[in-house]
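Notes follow once the structure below has been shown.
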Amino acid sequence: MTTGGTKIEDYAFLSDTQTGALVSRDGCVDWLCLPRFDSPACFASLLGEKKNGHWRFFPEEKVEKTRRRYRDETLILETEIETKSGAVRLIDFMPPRGENPDIIRIVEGLRGKMSMQMELIVRFDYGQIVPWVRKRHDGLEAIAGPDGLILRTPIETYGKDLTTVADFTVAKGDRVPFVLTWFLSHRDPPRKVNAEHALRDTEKYWREWSKQYVIKGEWRDAIVRSLITLKGLTYEPTGGMVAALTTSLPEEIGGVRNWDYRYCWLRDAAFIMLTLVSAGYREEAKSWREWLLRAIAGSPAQMQAIYGVRGERRLDEHEIPWLSGYEDSKPVRIGNGASNQFQLDVYGEVLAAIWQADRAGIKMEEPDWALMVQLMKFLEANWQNPDEGMWEVRGGRKQFTHSKMMAWVAFDRAVKLVEECSCAADEHYDRWQKIRDQVHAEVCERGYNVEKKAFTQYFGSDAMDASLLMMPLTGFLPITDERVRGTIEAIERELMQDGLVLRYRPQQEKVDGLPGREGVFLPCSFWLANCLHLLGRKKEARELFERLLALRNDLGLLSEEYDPLAKRQLGNFPQAFSHLALVTAARILGGETPPFLPKLIKLDLRSRRRGAGSNPRS
């Protein structure tokens, strides 16, 4: 029996900004990778069965009511459980840390007296390896291979059927701590953590981080919760940002569209950096820029779309046969084969993010410029080639319209960087301008379908693709251009399901080379809200945005996709792309300029060393 009784949206997210955990509505930790986001899981029941590892607290009596919340603007989770005899609160958090990650759970008595049980099943290597368990170092150690876990608590524990259990009673006012800490098995575990001190420090950390967002407004709570989620998906030591906490949560229940998202997509990270810069989080943006330059250093021909959190390049994809998959959605995949794809659009997203960071004061230095020039030289020679595109298709390369549009963005922002900064790249300026205009003309000629009066998925295609909603948001063409309006209207006609937006229709085009369907794509739905707002259809934009907000779970979290028929979230969770799209849409609907557009940070035109250099259409 799998753990499929818990819906994706029923999970809460914990993070120490190096790894994270998912906690179910009834207080069970079903997913935890240690010590990093992309490490093998020690609790993997999310993708399998109870025997694959989890950590649970539950009362002996029947539960009458549960409710949960995050403590203000933090990632401290509070879950209240009520029975006839009493009520307790589970306080769950992961303190931001150095080498040794902790997950801390405090059981607090609120009312009456409650008999509680704990069930801890540790299974290393994604639920496969049963550890050696012994009492040592003032705790209970679980050891296997390179990994060690130690549980420290004042409560007596004992073993039963390869499970660590405990029985204890909590009265009103009691606070019973449980601290689970990872360590390298060939070393002694770190010294004992004081749970209450760690709680205080964790709360202070998140409060101080959250208050850096000073903008008030109608949707501040949703924006801040999404920003906290993005911060929680950041690997603090390097500045890399993972796309999601999980692997293999399905895009169709029972289907095969199950992917590992615990890595750093240049595309997602560039969008996130743009969002953080515009929200005032300069340090995170600076760390990401430094991570990017380290990750892509070397031959531009070897630049990948995906890297590990420290910039690793080898993310070989394989399947894990012993896990049954979330609600029997197989296979469970580790690694991601898309890391070997050619995705042309990432050059545009990266250059846009670097340009925006430069304008925000995170300046390029000469070595950085040398690397960027090499990237542009590679793009000059390769922008006309087909690629796997933004959606990472596995059905063969094509001339995707969105990819070409983003190549234009790369040349456009490179030109602007020459115009606006002091780095020496003047010898490239005229050539980049010329290529930029050439790319623009080719997209307008070959990407536009005259009969459909819309830009289509790839050159010569009749199919629509929601990625083209980015066209007015990047400045490629203005929202007032009739071709842009026609494209938006065609997407509304052909890619809407129950008022939300599909990426494309895979069952019709077979472009991605995979069987089955998928849910509506939440970031694309936010993009449509942006476009409707810019078109002046503000009432419709607000209605769509508020509907998307209503799809969040009770803690404000979103996955990648949504099934309008089953009324449930789909895909990996929580999804960075969805949360950054939410933040961007909230700010655009609030009257701000889209982060990708050159108007975001106004420039004194007199300071330019050259003419405007922008395409007359943009």
Side-chain angles (χ1 to χ4, degrees), residues 2-13 20 22-25 30-31 44-48 226 229 233 242-263 265 268 323-333 336 338 390-394 465-467 495-508 512 514-529 544 547-582:
T2 71
T3 59
T6 299
K7 293 182 177 181
I8 291 170
E9 62 266 29
D10 282 339
Y11 283 101
F13 169 51
L22 291 185
V23 186
S24 69
R25 192 177 292 276
D30 285 330
W31 182 254
S45 61
L46 174 73
L47 300 177
S226 289
T229 303
L233 293 171
V242 297
L245 184 67
T246 57
T247 179
S248 301
L249 289 181
E251 297 171 10
E252 178 187 27
I253 299 298
V256 301
R257 296 171 179 264
N258 318 318
W259 313 108
D260 194 346
Y261 274 21
R262 299 170 301 148
Y263 307 111
W265 270 252
D268 296 35
L323 288 177
S324 56
Y326 178 85
E327 294 194 15
D328 297 318
S329 302
K330 299 177 182 178
V332 172
R333 293 183 173 94
N336 199 303
M390 179 181 193
W391 305 131
E392 302 177 346
V393 301
R394 300 195 178 197
D465 191 311
S467 64
L495 293 184
M496 299 291 283
Q497 183 176 337
D498 194 29
L500 301 172
V501 184
L502 296 162
R503 295 187 299 173
Y504 51 91
R505 291 194 177 273
Q507 69 275 21
Q508 293 179 0
D512 60 16
L514 296 165
R517 300 171 179 264
E518 61 182 26
V520 295
F521 199 72
L522 296 176
C524 294
S525 300
F526 282 113
W527 297 346
L528 178 60
L544 175 56
R547 183 179 176 198
L548 289 164
L549 287 184
L551 299 183
R552 298 174 301 156
N553 72 4
D554 55 313
L555 298 173
L557 301 176
L558 285 170
S559 63
E560 183 180 40
E561 299 183 4
Y562 182 75
D563 183 344
L565 298 178
K567 308 294 184 187
R568 58 184 300 186
Q569 294 189 27
L570 295 171
N572 286 305
F573 179 89
Q575 175 68 227
F577 212 9
S578 297
H579 282 281
L580 70 90
L582 184 159

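Computed from a predicted model, the values in this text were never measured in an experiment. Starting from 1, each residue takes its place in the sequence as its number.
- Here the side chain of Arg257 pairs a donor or acceptor atom with the backbone of Leu514 at under 3.5 angstrom.
- For the side-chain contact (heavy atoms from CB on, under 4.5 Å) test, residues two or more places apart in sequence or in another chain that qualify with Ser559 are Ile8, Gln569, Phe573.
- Side-chain atoms of Arg517 never come within 3.5 Å of backbone atoms of Arg505 as a donor-acceptor pair (strictly under, hydrogens ignored).
- Sorted by first and then second residue, the side-chain hydrogen bond (donor to acceptor under 3.5 Å, both in side chains) pairs with a member in residues 547-556 read Arg25-Asp554, Arg68-Asp554, Asp498-Arg547; sequence neighbours excluded.
- In terms of heavy atoms, Ala12 sits closest to Leu555 at CB-CD1, 3.3 Å.
- Every residue was checked against the side chain to side chain donor-acceptor pair (under 3.5 Å) condition with Glu9, not counting sequence neighbours, and none meets it.
- Applying the side chain to side chain donor-acceptor pair (under 3.5 Å) test to Ser329 and every residue at least two apart in sequence or in another chain returns nothing.
- For Phe521, the ring pair (Phe, Tyr, Trp, His ring centres under 6.0 Å) partners at least two apart in sequence or on another chain are Trp391.
- Judged by distance alone, the side chain of Trp259 and the main-chain N or O of Ala338 form no donor-acceptor pair under 3.5 Å.
- One finds the OH atom of Tyr326 at 8.5 Å from the CG atom of Leu570 (value rounded to the nearest 0.5 Å).
- In terms of heavy-atom proximity, Val520 sits nearest to Pro564 at CG1-CG, 4.0 Å.
- Distance CG/Leu549 to CG/Leu544: 10.0 Å, rounded to 0.5 Å.
- A side chain to side chain contact (heavy atoms under 4.5 Å, CB included) with Leu46 is found for exactly one of Thr246, Thr247, Leu323, namely Thr246.
- Partners of Ala244 according to the side-chain contact (heavy atoms from CB on, under 4.5 Å) rule, which considers only residues two or more places apart in sequence or in another chain, are Tyr261, Asn572, Gln575.
- In terms of heavy atoms, Ala243 sits closest to Asp268 at CB-OD2, 3.8 Å.
- Note that CD1 of Ile253 is 4.0 Å distant from CZ of Arg568, once rounded to the nearest 0.5 Å.
- Distance check, rounded to the nearest 0.5 Å: OH of Tyr504 to OG of Ser467 gives 10.0 Å.
- Counting heavy atoms from C-beta outward, Lys330 and Val256 have side chains that stay 4.5 Å or more apart.
- For Leu580, the side-chain contact (heavy atoms from CB on, under 4.5 Å) partners are Leu230, Phe271, Ile272, Thr275, Phe577, not counting sequence neighbours.
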*I would like to know whether Leu245 and Arg262 meet side-chain contact (heavy atoms from CB on, under 4.5 Å); could you show each step before the answer?*
CA-CA 6 Å; Leu245 184 67; Arg262 299 170 301 148; over 6 Å; no

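- Listed by chain and number, the residues in a side-chain contact (heavy atoms from CB on, under 4.5 Å) with Ser248 are Leu47, Asn258, Val332, Arg333 (sequence neighbours excluded).
- Considering only residues two or more places apart in sequence or on other chains, Trp265 meets the side chain to side chain donor-acceptor pair (under 3.5 Å) condition with Glu392.
- Rounding to the nearest 0.5 Å places CD of Glu327 at 9.0 Å from OG1 of Thr6.
- Using a 4.5 Å heavy-atom threshold, the side chains of Phe526 and Leu558 count as touching.
- Taking Asp465 as the reference, nothing meets the salt bridge (charged side-chain N to carboxylate O under 4.0 Å, His left out) condition, with sequence neighbours excluded.
- In this structure, the side chains of Leu502 and Cys524 stay at 4.5 Å or more apart for every pair of heavy atoms.
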*Derivation of the side-chain contact (heavy atoms from CB on, under 4.5 Å) call for Phe13 and Leu233*: CA-CA 10 Å; Phe13 169 51; Leu233 293 171; 3.9 Å; yes

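- When all heavy atoms of Leu557 and Tyr11 are compared, the pair lying nearest together is CD1-O, 3.9 Å.
- A pairwise comparison of heavy atoms in Met390 and Trp527 identifies CE-CH2, 3.4 Å as the closest pair.
- Proximity of a side-chain donor or acceptor of Asp10 to a complementary backbone N or O of Ser24 within less than 3.5 Å is not detected.
- When side chains are defined from C-beta on, Leu582 does not count as touching Leu548, because their heavy atoms never get closer than 4.5 Å.
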